[in-house]
Asker: 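Quick one: structure below, then a few questions.
Bear in mind that the values here come from a model prediction, so they are computed numbers and not experimental data.
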Amino acid sequence: MKRPEWDWSLSDIATVPKNGRKVFSCFSCGGGSTMGYKLAGYEMLGNVEIDPQMMALYKRNQDPKYPFQMPIQEFKNSRISRMLSYRQSSLIWTS
């Protein structure tokens, strides 16, 4: 019997074909939307989260390349967000 599409595990992510697109998560919480993007073949670059407990959970579950714990207003006005946008022309910002 074939497994239903909704029945996935973390180990399945390694077998998902990549689509060449990159995503950065704003208001990331524990990483639910990040999992969806990973299962759809996106490369997750990083995240912004204000809550220290949610950030710890996100880091443990998602291992982001560029994690930022700060208010989104500070991140939006920082050189970091401009640098990421400049270097990653195909970057998709999500929330």
Asker: May I ask you to test the P64-M44 pair for a side-chain heavy-atom distance under 4.5 Å?
Answerer: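 Counting from C-beta outward, P64 and M44 never come under 4.5 Å.
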Asker: Strictly by modelled atom types, are Y58 and T34 linked by a side-chain donor-acceptor pair under 3.5 Å?
Answerer: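 Note: Y58 and T34 side chains meet the donor-acceptor criterion.
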Asker: Is there a side-chain contact between F27 and I72 in this structure, where contact means two heavy atoms from C-beta onward sitting under 4.5 Å apart?
Answerer: yes
Asker: To the nearest 0.5 Å, how far apart are CD1 in I50 and SG in C26?
Answerer: 12.5 Å
Asker: Centroid-to-centroid, F24 to Y42, below 6.0 Å?
Answerer: no
Asker: Are V23 and L45 close enough that some pair of their side-chain heavy atoms sits under 4.5 Å apart?
Answerer: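 Heavy-atom side-chain distance check fails, nothing below 4.5 Å.
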Asker: How far does NZ of K38 sit from NZ of K18, to the nearest 0.5 angstrom?
Answerer: 8.5 Å
Asker: So, taking the atom named NZ in K59 and the one named CE in M54, what distance separates them when rounded to the nearest 0.5 Å?
Answerer: 14.0 Å
Asker: I want to check something: taking the side chain as every heavy atom from C-beta on, are K65 and E43 in contact at a cut-off of under 4.5 Å?
Answerer: yes
Asker: Does the pair N47 and M55 meet the rule for a side-chain contact (heavy atoms from CB on, under 4.5 Å), with working shown?
Answerer: CA-CA 9 Å; N47 71 307; M55 179 58 99; 3.5 Å; yes
Asker: Within the side chain of S28, is there an N or O that forms a donor-acceptor pair under 3.5 Å with the backbone of S25?
Answerer: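 No.
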Asker: Checking E49 side chain against D51 main chain: does a donor-acceptor pair fall under 3.5 Å?
Answerer: yes
Asker: Kindly give the heavy-atom pair with the smallest separation between Q62 and G30, and that separation in Å.
Answerer: NE2-O, 4.3 Å
Asker: Is a side-chain donor or acceptor of N61 paired with a backbone partner of G31 at a separation under 3.5 angstrom?
Answerer: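 The answer is no, because no donor-acceptor pair under 3.5 Å joins these two groups.
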Asker: Side chains of I13 and M35: does their closest heavy-atom pair fall under 4.5 Å?
Answerer: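 Yes, close enough: below the 4.5 Å cut-off.
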